Each structure stands twice: as structure tokens, then as C-alpha cells.
Amino acid sequence: MNKITSIADVRRYFLNNKEPVYFISATNFNLLGIGDWVGSFRHINYIDCFEGKQRNVFVPKQKFPRDFESIEDINNYLLEHKEVIDFIQSRANGESAGVASFLMFDEHTEEICEQLGLRVAFPPAELRKRMDNKIETVRIGNKAGVPSVPNVLARVGSYQELLEVSESLGNDLVVQTAFGDSGHTTFFIASEEDYYKHAEEIEAEPEVKIMKRINCRGSAIEACATRCGTVVGPLMTELVGFKSLTPYKGGWCGNEMFAGAFSQEVRDLAREYTFKFGEALREEGYRGYFELDFLIDMDTNEVYLGELNPRVTGASSLTNVAAFAHSDIPLFLFHLLEFSDVDFDLDINDINERWAHPESVDSWSQLVIKHTDESVDLLTQAPTTGVWRMNAQGEIAYDHYSYHPHAAENEHEAFFLRISGAGDFRYEGADLGILITRGRLMDDDFQLNERAKAWIDGIRGQYTGQALQDPVVEEVAVSHAIGGGNFKIL
């Protein structure tokens, strides 16, 4: 086709798309609703969150027992599953088996895709892994003029060494390892006792990031590095470490998107830093979708780079359903465009200016609800995916089926995506489901508001489980459950 030069061209191109496009992951949570924008788009998932009701979600019927240790393991299992292979081959369009996108993948994933004739719509796994390194993120940020919280990068072999290398940072420290979910690999150390709780993990690393602990709020912003420049989404608040949602201190458990998130000065600075970082990523050879976590110092209003996620993320479900995305196109379509064969030349500055306006950002929030008790049982009942409604007394009830958050029309309704269902094991850290609703779920002090608490209690009340009496069965249940609580699948 002719060169794409406008948003209307992009819309038309993807609506008329004939080449199969897949999002392959444990669930379809990260890219909810993208199929409305892209012809021939399908999700290939391990978990059927929709009980067979959703046409563009393919889940193999036959499951083979496997011990998964990562999202990559799940995706490789899916790609090597006969039902999935048959499904992909049945939809092949001419010479192309299609385009594959992932939340996470590795070199083995790339090899399987090559054998299947699938083109991976992301930079190489090796490059993504290097970009995912929290130590490397600091260095790229420094080069781009995007500051991190005052820190030192060093190998640590003892508590005494930690104090010596971080002398300028004080005694209240935050230590991060290079890789892993921050809920599991971020350690808060204010004493020798704190250190020895995590000494094994810290001392096993060739280098760790040691930060001064600041009074901060977490935030997230998603962007896409394209050949025309970096497209930047809005700054979102983050829900972190709430005990009613996650058992992990420092663990991500949701987001809020609203025009007044932080001051205009902070929002503008975060957007500027994200653009700079995206341009630095392009120089490193990385292109496509990414997310940055920023730490906002509540005492000084300084904006600090937290970490980079070179992928779609849990925040993508909000970024791609907001008003600015539907008035133009979802951010993920810029990513697909970057990895297409079509030539395009878009005015990125114009898009960024438009997306920065407060009226372009409507208000959405999401809660990632995990099992937080130190118990294991077998679920016998679970809430259904779809729209739920809350009455004036804070009681919730199922209203109707839908696959899209937009089906929740007001703050009394919410879209719930069920992750754990009847027949699944419920264990500490297991993802039960995600609730997405209009409006805010935190107050101005960044604490859960009463509406959020009512939704959490209401959803938890829809789950029932049967206790496991045999300790051996309980141990097997944990080891064979997806992730076993050791990695997040979202």
C-alpha cells in the first residue's frame, strides 16, 4: 500500500489486515480489546478466562502436566502444542503463518516461531534481556539525562560492604537485583537484621542497585519507540504492596489513570523523560513498546527513573482503552506498525501534544487481586468474567457477560477478568483476577478508598475453596500450580 501519513491511514490499514496476528501468553489481560482494531487478530492463551465464550481467544483443550517456572515456559509450551500448531497452520495466509507478540519470550521461543513461520513483532530476546537489566536501565538513563534515585551500583558480599559502598546514601536503603519482578527482588534494608533476611539473594548477584530510600509514590508510563520518534502515553499512579491485594511488599497490584495524577509539572517532566529514554533506546537498537516506572519524591517533587519494562505490561490494559487511544489509536498499534512491512511517516510531536492534554485522559483504575493467605485449597467456585455491579450498600452481583472494560459504563460497574477458576489451586500469591472500573480507587493520600475495599471484599467473597487435608497433596498442588507463586503471569 501507499505510505501511511495519518492516524486514519493507520486505522484503515489494521482494520483491513489479513495477515494473522497473535498475542500469545498465559491470559489475554495485557491486550484486552485490541482485536477490535486489528483484523485477523487472535489471542492464544493457557488460561481460558472466558469459559469458551470469546471467539478471538484460542485455548488448547488438552492440557499436559508441566512445571512452569516462567511465562516463557508457558509460551513455549503453547507454541509446541499440537492444537496450537494446527490452529496457526489453519489460519496461515499465503506464505505467512502470521505475526506473534508476547508478554515474555526467550531464544527458544524465537526458534519455535521460525519453525512455524511466525514473525516475532519485538526486538530480539537477547536485546530485550539486556534492556530489562535494572543496572543497565540506570546507565541508559544517565546517558539520556533521565536521573535515577541517588544510588550506587556495586557487588555486595556482606552487610559491612553494603554500608561501605553506600556511605553517601545513609542507612535506610533499597537494594534491587538486576532481573526479576520488583515485588520479589526489591529489598528494604535499614538494619543488619533486614540485610540477613535477603543476604543470599544479594550476595549471589555480580552487581546490585543500592538506592537511598525516599518518601515516594510509584507511577507508570507506557510508550512506543518508532522510526518517527517515541509516542508517549499518560502518567499513571501505581498501587503497590496493599496487603488486601498482594502478599508481596513492594509488589505491583494495580494502576490508576486520571488527568490529575500528580501535578502538571511532574506529569510534563515524566513525559519529557520518557521521550528522551525512548530515543536512547532507539540508539541502543531497541524499538517498539516499553514501560517506565517513575518514583515521585513526595518531599521534593523530584521525578526519578525507577525501572524499564521492554514489553507490554500490566498497565497496558488501561493505556489501550483510554479516551486518547480511542480518539486516535491504541498505543499497541504503533508497535505493530513499527514491526510491519509498511512504510509510514507520522507526526509524533503532534500526537504527543494531543495525548498530553488533560481532556484526552479519562479516568480508569484496575486492581490485581491475589490470594494473600498462607494457605492452599482447591477452588470449588469462582466469579465469572464480565460486568459486575455494586449497589448502594457496597454489595456486588454479576450483571452480564462482556470481554471489554468499556462495557462498565460508570463507577457502579466494573469489568472483572477471572484468572483462577473452579478446579484450580488457590495458594499464596496466586492471581485470582483483575478488576477494571471507571474512576479512582485510591484517595489523595494514595490509600485504597472505600469503593476499592468494597470491590475487593465483594470479589473475594465470590470464591470458595475446599481445604486440602493431605500435606503431600498440598505440596504437589503448590509445585504444579502456574508459577507456584514464584513469578507473575500478568
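What you see is a predicted model; the values in this text were computed from it and never measured. Residues: numbered from 1 along the sequence shown.
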S.K.: Check the angle between the aromatic planes of Phe41 and His43 and answer parallel, tilted or perpendicular using the 30° and 60° thresholds.
M.R.: perpendicular
S.K.: Anything under 30° is parallel, anything over 60° is perpendicular, the rest tilted; go ahead and classify Phe122 against Phe339.
M.R.: tilted
S.K.: Quick check on Glu126: does its CD atom have over 12 non-hydrogen neighbours (other residues, nucleotides or ligands) under 6.0 Å away?
M.R.: no
S.K.: Do Phe102 and Tyr22 make the cut of ring centroids closer than 6.0 angstrom?
M.R.: no
S.K.: Go through the side-chain N and O atoms of Gln176 and Thr186 and say whether any donor and acceptor fall under 3.5 Å apart.
M.R.: yes
S.K.: Honestly, is Arg282 close enough over Phe277, meaning NZ or CZ under 6.0 Å from the six-membered ring centre and within 45° of the axis?
M.R.: no
S.K.: Classify the ring geometry of Phe58 against Phe87: parallel below 30°, tilted from 30° to 60°, perpendicular beyond 60°.
M.R.: parallel
S.K.: By the definition side-chain hydrogen bond (donor to acceptor under 3.5 Å, both in side chains), identify the one residue from Gln366, Arg451, Glu413 that meets it with Thr437.
M.R.: Arg451
S.K.: Distance to the ring centre below 6.0 angstrom and angle to the axis at most 45 degrees; does that hold for Arg42 and Phe23?
M.R.: no
S.K.: Indicate yes or no for a side-chain donor-acceptor contact from Ser316 to the backbone of Asn30 under 3.5 Å, with no hydrogens or angles considered.
M.R.: no
S.K.: Cation over ring, Lys249 on Phe188, under 6.0 Å and within 45°?
M.R.: yes
S.K.: With the side chain counted from C-beta on, respond yes when Ile436 and Ile434 share a heavy-atom pair under 4.5 Å apart, and no when they do not.
M.R.: yes
S.K.: Could you walk me through whether His371 and Tyr463 pass the ring-ring contact (aromatic ring centres under 6.0 Å, His included) check?
M.R.: CA-CA 10 Å; His371 184 55; Tyr463 284 91; 9.1 Å; no
S.K.: Answer yes if the ring centres of His81 and Phe64 are under 6.0 angstrom apart, and no otherwise.
M.R.: yes
S.K.: Between Phe324 and Pro234, what is the shortest heavy-atom contact and its length?
M.R.: CZ-CD, 3.2 Å
S.K.: Taking the inter-plane angle between the rings of Phe290 and Tyr286 on a 0 to 90° scale, is it parallel (under 30°), tilted (30 to 60°) or perpendicular (over 60°)?
M.R.: perpendicular
S.K.: Can you see whether Tyr46 has Lys63 sitting over its ring - NZ or CZ less than 6.0 Å from the centre and within 45° of the normal?
M.R.: yes
S.K.: With ring-ring contact (aromatic ring centres under 6.0 Å, His included) as the criterion, how do His412 and Trp388 come out once you've worked through the C-alpha distance, each side chain's angles and the decisive distance to 0.1 Å?
M.R.: CA-CA 9 Å; His412 301 294; Trp388 290 70; over 10 Å; no
S.K.: Is it true that Asp86 and Lys82 make a salt bridge, defined as a side-chain N closer than 4.0 Å to a carboxylate O?
M.R.: yes
